[in-house]
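Just below is one structure, and these are the notes that go with it.
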Amino acid sequence: MSGPALKIKIQIYCGEEIAMGPGKADLLDAIAGEGSISAAGRKLKMSYRRCWMLVDVMNRCWAMPLVATSSEGARLTDYGVGILARYRAMQAAAAGIADAAHWPDLAAEVRLEPLPAQA
């Protein structure tokens with residue numbers, strides 16, 4: 001690694017639940033692309049049960065459902081498409097923080113590797 005890395009993870013909470021985060025956004029993208037929760041799970045190497053639980057949380061946390069299911073599969077609702085697009089825009093804006101004035105100064109102070117653990 002050439003230097004310290006800055007990772008910004010945006011999570012939106014609904015009570016104690018994460019209503020949206022990077023993983024849930026990736027799941028929504030996969031559902032949109034694959035047309036089903038099970039296919040999205042296979043693409044992301046996640047179990048159907050885990051995917052379904054994440055979709056359930058999202059659908060319960062937002063003003064309207066993000067994902068609609070039917071016997072033919074699953075799709076993002078128009079509302080879900082809008083929420084995902086705004087979340088992705090926030091991620092893109094946050095990624096620009098690495099260009100902020102303070103990051104290079106902080107990065108210069110971070111060791112390339114941690115010191116050995118103290119006994």
Side-chain angles (χ1 to χ4, degrees):
M1 186 165 150
S2 62
L6 176 64
K7 179 180 178 182
I8 299 168
K9 181 166 74 169
I10 298 173
Q11 294 179 317
I12 301 170
Y13 280 81
C14 167
E16 296 295 315
E17 297 281 359
I18 299 172
M20 182 64 68
K24 286 186 171 120
D26 291 346
L27 176 57
L28 291 178
D29 280 332
I31 290 169
E34 301 297 318
S36 78
I37 294 172
S38 58
R42 285 190 296 276
K43 180 177 183 177
L44 298 175
K45 296 179 177 37
M46 294 171 59
S47 72
Y48 173 80
R49 176 172 161 68
R50 177 75 177 136
C51 292
W52 177 251
M53 289 172 54
L54 295 173
V55 167
D56 181 57
V57 167
M58 287 186 284
N59 280 348
R60 290 185 296 112
C61 284
W62 293 93
M64 295 189 298
L66 305 186
V67 176
T69 59
S70 70
S71 58
E72 289 84 39
R75 65 173 181 79
L76 270 59
T77 63
D78 290 342
Y79 182 76
V81 169
I83 294 294
L84 179 59
R86 286 182 278 171
Y87 178 80
R88 291 298 194 199
M90 283 179 43
Q91 281 185 307
I97 202 164
D99 297 326
H102 299 292
W103 171 239
D105 295 337
L106 284 172
E109 300 297 325
V110 178
R111 297 177 188 279
L112 293 179
E113 294 290 329
L115 295 174
Q118 297 178 356

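Numbers here simply count residues along the sequence, with the first being 1.
Each of Tyr79 and Val57 belongs to its own hydrophobic cluster when Ile, Leu, Val, Met, Phe, Trp and Tyr are linked at side-chain heavy-atom distances under 4.5 angstrom. Ile12 and Ile18 sit in two unconnected hydrophobic clusters of ILVMFWY residues. Membership requires side-chain heavy atoms under 4.5 Å apart, directly or through other members. Linking Ile, Leu, Val, Met, Phe, Trp and Tyr whenever their side-chain heavy atoms come within less than 4.5 Å leaves Met53 and Tyr13 in two separate clusters.
Closest heavy-atom contact between Leu54 and Met46: CD1-CE, 3.3 Å. Residue Ile97 comes nearest to Trp103 through the heavy atom pair O-CB, 4.2 Å, listed as atom of the first residue, atom of the second, then distance. Looking at every heavy atom in both residues, Tyr87 comes nearest to Pro22 through OH-N, 3.0 Å.
Counting heavy atoms from C-beta on, the side chains of Leu66 and Lys24 never come closer than 4.5 Å. No side-chain heavy atom of Arg75 sits less than 4.5 Å from a side-chain heavy atom of Val67. Ile83 places a side-chain heavy atom less than 4.5 Å from the side chain of Met20.
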* Kindly determine whether Val110 and Leu106 satisfy side chain to side chain contact (heavy atoms under 4.5 Å, CB included), including the steps that lead there. => CA-CA 7 Å; Val110 178; Leu106 284 172; 5.5 Å; no
* Assess whether side chain to side chain contact (heavy atoms under 4.5 Å, CB included) is satisfied between Asp105 and Glu109, documenting all intermediate values. => CA-CA 7 Å; Asp105 295 337; Glu109 300 297 325; over 6 Å; no
Under 3.5 Å, which donor-acceptor pairs link side chains of residues 27-39 to any protein atom two or more places apart or in another chain?
from: Asp29; atom 1: OD2; to: Arg88; atom 2: NE; distance (Å): 3.3
from: Asp29; atom 1: OD2; to: Arg88; atom 2: NH2; distance (Å): 2.6
from: Ser36; atom 1: OG; to: Ser38; atom 2: OG; distance (Å): 3.4
from: Ser36; atom 1: OG; to: Ala39; atom 2: N; distance (Å): 3.0

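Rounding to the nearest 0.5 Å gives a distance of 11.0 Å between CZ of Arg42 and CG of Leu44. Here Met90 contributes atom CE and Ile10 contributes atom CD1; the two are 4.5 Å apart, rounded to the nearest 0.5 Å. Taking CH2 from Trp52 and OG1 from Thr69, the interatomic distance works out to 4.5 Å, rounded to the nearest 0.5 Å.
Contacts of Arg60 classified as salt bridge (charged side-chain N to carboxylate O under 4.0 Å, His left out), with partners at least two apart in sequence or in another chain: Asp56.
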